[in-house]
Amino acid sequence: KNRAIDDTDLGATISLPVMCGGQFGTLCQGQLGVSASSACTCEPVMVRASSGVLRFARTQPRSNSTMALKDLLPLGMSLPHRSLAVIDMATVRHVAQRAEALGFSDLWVTENTLDGVFSFDPGAILTYAAALTTRIRLGVAVVVLPIHNPSHVASQFATLDHISNGRAILGVGLGRAHHYAEFQIPTEHRVRRLREGIEIVKALWTQPKVNYTGSIYRLDNAGMVIKPVQKPHPPIWLGGNHPDAVRRAAKLGDGWMAAG
């Protein structure tokens with residue numbers, strides 16, 4: 001089935017990759033659509049924005065022929081990074097290297113700074129995975145961008161992209177109310193913080209010097225010498241399951257995921 005979401009601000013046709021969550025937090029995504037673990041009921045879809053409408057549609061007709069899922073679209077998976085028990089680094093190493101050997105396209109982690117269970121910092125554990133692999137892409141789903149200074153996030157993921165030779169994916173989202181309370185960040189204007197944060201990250205990734213004046217952030221002739229390997233910049237995926245989040249992804253990002 002197709003579902004349409006009105007957005008009168010969208011004029012051009014935009015194609016976005018999309019992501020969904022499967023059982024046990026497994027994240028599955030592809031260049032043209034979504035599939036997931038056996039517990040997920042998603043079908044391959046394409047998100048298109050055209051003439052003010054976002055439209056979700058199957059990318060392929062139904063078929064009774066048998067074909068391996070890996071032959072239809074790339075699949076990503078979760079890197080061990082959050083657990084009730086302490087995660088052994090040998091496990092992380094084994095999963096990262098085995099996932100690459102099996103042909104998975106991406107490794108994903110989440111951000112859980114103040115948490116009730118054992119959790120790695122996403123940038124640190126993805127950098128570790130980058131050193132163990134050569135091909136598989138490395139993503140976070142998601143950084144709660146409004147509680148961070150966007151200049152720090154830009155530097156962190158430019159570094160990851162440089163270390164990994166162009167394999168970083170930055171997922172960003174609004175998070176939940178408790179994220180703001182934990183870091184004493186007001187929830188007011190959080191969407192504005194997100195939008196301005198994305199603009200600053202992109203600017204620092206692509207411009208030698210940045211002058212930026214927003215309602216939240218300001219940069220005066222700021223420069224960041226380290227630049228991402230990917231041009232014009234690493235993909236930025238926006239997360240969230242509200243229709244407004246999908247609209248923001250079409251306007252500001254390179255992809256959409258339900259988490260965030």
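Counting begins at 1 with the first residue of the sequence.
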Over all atoms of both residues, closest heavy-atom pair of [X] and [Y]:
X: Val95; Y: Pro80; answer: CG1-CD, 3.5 Å
X: Arg193; Y: Pro186; answer: NH2-CG, 3.8 Å
X: Pro122; Y: Val140; answer: CB-CG2, 3.7 Å
X: Pro235; Y: Asp254; answer: CA-OD2, 3.4 Å
X: Ala168; Y: Pro234; answer: O-CB, 3.6 Å
X: Leu138; Y: Ala130; answer: CD1-CB, 3.5 Å

Does CZ belonging to Arg135 count more than 12 external heavy atoms closer than 6.0 Å?
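Atom CZ in Arg135 is packed in, count exceeds 12.
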
More than 12 heavy atoms of other residues, nucleotides or ligands under 6.0 Å from CG of Leu114: yes or no?
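Yes - once you tally the heavy atoms of other residues, nucleotides and ligands closer than 6.0 Å, there are more than 12.
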
Run the side chain to side chain contact (heavy atoms under 4.5 Å, CB included) check on Val142 and Thr110 step by step: do they pass?
CA-CA 6 Å; Val142 298; Thr110 59; over 6 Å; no

Can you measure from [atom1] ([X]) to [atom2] ([Y]) and round to the nearest 0.5 angstrom?
X: Tyr212; Y: Asp220; atom1: OH; atom2: CG; answer: 13.0 Å
X: Ile200; Y: Asn149; atom1: CD1; atom2: CG; answer: 7.5 Å
X: Glu182; Y: His178; atom1: CD; atom2: NE2; answer: 5.5 Å
X: Leu79; Y: Tyr128; atom1: CG; atom2: OH; answer: 9.5 Å
X: Ile226; Y: His162; atom1: CD1; atom2: NE2; answer: 5.5 Å
X: Leu170; Y: Gln230; atom1: CG; atom2: CD; answer: 11.0 Å

Has [X] got a side-chain atom pairing as donor or acceptor with [Y]'s backbone, closer than 3.5 angstrom?
X: His179; Y: Arg176; answer: yes
X: Lys202; Y: Pro232; answer: no
X: Glu100; Y: Ile136; answer: yes
X: Asn241; Y: Ala258; answer: no
X: Arg190; Y: Thr187; answer: yes
X: Thr133; Y: Ala129; answer: yes
X: Lys227; Y: Leu204; answer: yes
X: Ser105; Y: Leu75; answer: yes
X: Trp205; Y: Ala154; answer: yes
X: Trp256; Y: Gly240; answer: yes

Is there a path of hydrophobic side-chain contacts, each under 4.5 Å between heavy atoms of I/L/V/M/F/W/Y residues, joining [Y] to [X]?
X: Ile163; Y: Ile125; value: no
X: Phe120; Y: Val117; value: no
X: Leu219; Y: Phe157; value: yes
X: Leu84; Y: Val92; value: no
X: Leu160; Y: Val229; value: no

Check the pair Leu238, Val172 against side chain to side chain contact (heavy atoms under 4.5 Å, CB included), reporting the backbone distance first and the verdict last.
CA-CA 5 Å; Leu238 274 73; Val172 298; 4.1 Å; yes

Please determine whether a side-chain nitrogen of the Lys or Arg among Arg167 and Asp161 lies less than 4.0 Å from a carboxylate oxygen of the Asp or Glu.
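Salt bridge flag = no for Asp161 with Arg167.
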
Is the shortest side-chain heavy-atom distance between Thr159 and Gln156 below 4.5 Å?
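They are not in contact (no side-chain heavy atoms under 4.5 Å apart), so the answer is no.
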
Are any non-hydrogen side-chain atoms of Arg248 and Val191 less than 4.5 angstrom apart?
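They are in contact (side-chain heavy atoms under 4.5 Å apart), so the answer is yes.
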
Looking only at the side chains, is there a donor atom on one of His81 and Glu111 sitting less than 3.5 Å from an acceptor on the other?
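Glu111 and His81 do not have a side-chain donor-acceptor pair below 3.5 Å.
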
Stepwise side chain to side chain contact (heavy atoms under 4.5 Å, CB included) check, Arg137 with Leu107
CA-CA 6 Å; Arg137 296 175 65 80; Leu107 289 170; over 6 Å; no

Have a look at Glu196 and tell me which of Pro150, Pro146, Ser215 forms a side-chain contact (heavy atoms from CB on, under 4.5 Å) with it.
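Of the listed residues Pro150, Pro146, Ser215, the side-chain contact (heavy atoms from CB on, under 4.5 Å) partner of Glu196 is Ser215.
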
